[in-house]
Asker: 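Dropping the structure in here first, questions after.
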Amino acid sequence: MSEQNTRDVVEELLRRIAEGDHERVAALFAEPVDWRLDWPDEGHPAVPWIRPRSTRADVADHFRTLEAYHVPELNGTSVAQILVDGADAVVFGDIVQTVRGEGGVAYTSPFALRLTVEGGFITRYHIYEDSLTVARALSLQG
């Protein structure tokens with residue numbers, strides 16, 4: 001796959017995530033997908049979207065669950081840079097979210113998202129973030 005095709009799929013993924021169209025986000029993923037979030041294997045009880053994923057339905061569920069726990073109108077997540085090397089890409093930015101509920105705890109976490117695009121589909125989705133900051137914000141809201 002050319003670097004331009006990889007970049008096109010990555011940019012489309014970011015657009016669809018920003019639009020909140022979970023089914024269209026999931027349609028960009030291969031089945032199975034190599035999915036990993038930078039969290040301990042056991043996850044965290046305050047963060048329900050952290051679990052193994054491998055199918056498009058799992059991907060859509062991940063983004064629906066994220067939305068259910070956050071206020072989309074207050075999402076300030078930004079992308080600082082996209083690096084592409086053949087089928088691989090890395091996206092750097094900052095997650096800026098506000099947890100739903102009384103008091104609306106806000107948090108910011110830098111992130112790096114490692115993607116692989118093969119045959120026009122995302123085959124690898126590994127995200128590295130400040131999981132402690134996210135867990136604290138969700139725990140404080142609870």
Asker: I'd like to know if Arg15 pairs up with Glu12 as an ion pair, taking the criterion as any Lys NZ or Arg NE/NH1/NH2 lying under 4.0 Å from an Asp or Glu carboxylate oxygen.
Answerer: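 Salt bridge present between Arg15 and Glu12.
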Asker: Considering all heavy atoms of both residues, which atom of Ala46 and which atom of Pro48 are nearest to each other, and what is their separation?
Answerer: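 Looking at all heavy atoms of both residues, the closest pair is O-CD, 3.3 Å.
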Asker: How long is the gap from CZ on Arg7 to CG on Asn5, to the nearest 0.5 Å?
Answerer: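 One finds 12.0 Å between CZ of Arg7 and CG of Asn5.
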Asker: Charged N to carboxylate O below 4.0 Å: is that the case for Glu23 and Arg56?
Answerer: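 Between Arg56 and Glu23 there is no salt bridge, as every charged N stays at least 4.0 Å from the carboxylate O atoms.
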Asker: Tyr125 and Phe29: aromatic ring centres closer than 6.0 Å?
Answerer: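 Ring centroids of Tyr125 and Phe29 are less than 6.0 Å from each other.
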Asker: Side-chain heavy atoms nearer than 4.5 Å, only ILVMFWY residues, links allowed to pass through others: does that put Leu138 and Ile127 together?
Answerer: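 Yes, because Leu138 and Ile127 connect within a single hydrophobic cluster, where side-chain heavy atoms sit under 4.5 Å apart.
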Asker: Indicate yes or no for a side-chain donor-acceptor contact from Arg24 to the backbone of Gly20 under 3.5 Å, with no hydrogens or angles considered.
Answerer: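 No, Arg24 side chain to Gly20 backbone: no donor-acceptor pair under 3.5 Å.
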Asker: Say you draw a straight line from CD of Glu118 to OG1 of Thr123; how long is it, rounded to the nearest 0.5 Å?
Answerer: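 Going from the CD atom of Glu118 to the OG1 atom of Thr123 covers 3.5 Å.
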Asker: For residues 69-77, please give each side-chain donor-acceptor pair under 3.5 Å, one per line with the distance, not counting sequence neighbours.
Answerer:
| from | atom 1 | to | atom 2 | distance (Å) |
| --- | --- | --- | --- | --- |
| His70 | ND1 | Leu66 | O | 2.7 |
| His70 | NE2 | Tyr107 | OH | 2.6 |
| Asn75 | OD1 | Thr77 | N | 2.6 |
| Asn75 | OD1 | Thr77 | OG1 | 2.8 |
| Thr77 | OG1 | Val96 | N | 3.2 |

Asker: Quick one: closest heavy-atom pair of Asp94 and Pro110, and the distance?
Answerer: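 That closest heavy-atom pairing would be OD1-CA, 3.4 Å.
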Asker: Quick one: do Ile95 and Thr108 satisfy side chain to side chain contact (heavy atoms under 4.5 Å, CB included)? Show the steps, please.
Answerer: CA-CA 5 Å; Ile95 298 168; Thr108 300; over 6 Å; no
Asker: When you measure from the side chain of Arg100 to the backbone N and O of Ala68, does any donor-acceptor pair fall under 3.5 Å?
Answerer: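 Present.
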Asker: Side chain to side chain contact (heavy atoms under 4.5 Å, CB included) for His22 and Arg16? Distances and angles first, verdict last.
Answerer: CA-CA 8 Å; His22 312 306; Arg16 291 181 187 189; over 6 Å; no
Asker: Under 3.5 Å, sequence neighbours excluded: what are the donor-acceptor pairs made by side chains of residues 79-88?
Answerer:
| from | atom 1 | to | atom 2 | distance (Å) |
| --- | --- | --- | --- | --- |
| Asp88 | OD1 | Thr116 | OG1 | 2.7 |
| Asp88 | OD1 | Arg124 | NH2 | 3.3 |

Asker: Indicate if Val90 and Leu28 have the same hydrophobic cluster label, given that clusters are the connected sets of ILVMFWY residues with side-chain heavy-atom separations under 4.5 angstrom.
Answerer: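 No; tracing contacts between hydrophobic side chains, which count when under 4.5 Å, never links both residues.
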Asker: Distance from Leu132 atom CG to Ser139 atom OG, nearest 0.5 Å?
Answerer: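 Between Leu132 CG and Ser139 OG, I get 9.0 Å after rounding to 0.5 Å.
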Asker: Say whether Tyr128 and Leu115 are linked into one hydrophobic cluster, either directly or through other cluster members, by side-chain heavy-atom distances under 4.5 angstrom.
Answerer: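 Unlinked, Tyr128 and Leu115 end up in two clusters.
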Asker: Can a donor-acceptor pair be found, under 3.5 Å and without considering hydrogens, that links the side chain of Asp58 to the backbone of Ser54?
Answerer: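 Yes; judged by distance alone, with no hydrogens or angles, the pair exists.
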Asker: How close do Val47 and Ala135 get, heavy atom to heavy atom, and via which atoms?
Answerer: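 Between these two residues, the closest heavy atoms are CG2-CA, 3.9 Å.
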Asker: If we check side-chain contact (heavy atoms from CB on, under 4.5 Å) with Leu13, which of these qualifies: Val10, Ile17, Val9?
Answerer: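 Option passing the side-chain contact (heavy atoms from CB on, under 4.5 Å) with Leu13: Ile17.
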Asker: Report yes or no: do Leu37 and Phe111 belong to one cluster of Ile/Leu/Val/Met/Phe/Trp/Tyr joined by side chain heavy-atom distances under 4.5 Å?
Answerer: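 Same cluster: Leu37 reaches Phe111 through Ile, Leu, Val, Met, Phe, Trp or Tyr contacts under 4.5 Å.
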Asker: Going by atom types alone, do Ser109 and Glu129 pair a side-chain donor with an acceptor below 3.5 Å?
Answerer: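 No donor-acceptor contact under 3.5 Å links the two side chains.
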Asker: When rounded to the nearest 0.5 angstrom, what is the spacing between NE2 in His126 and CZ in Arg114?
Answerer: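 The NE2 atom of His126 sits 7.0 Å away from the CZ atom of Arg114.
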Asker: Would the His62 and Trp35 ring centres measure less than 6.0 Å apart?
Answerer: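 Here the rings of Trp35 and His62 have centres that are less than 6.0 Å from each other.
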Asker: Could you tell me which non-hydrogen atom of Ala26 sits nearest to which non-hydrogen atom of Val59, and how far apart they are?
Answerer: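 Nearest heavy atoms, Ala26 then Val59: CA-CG1, 3.9 Å.
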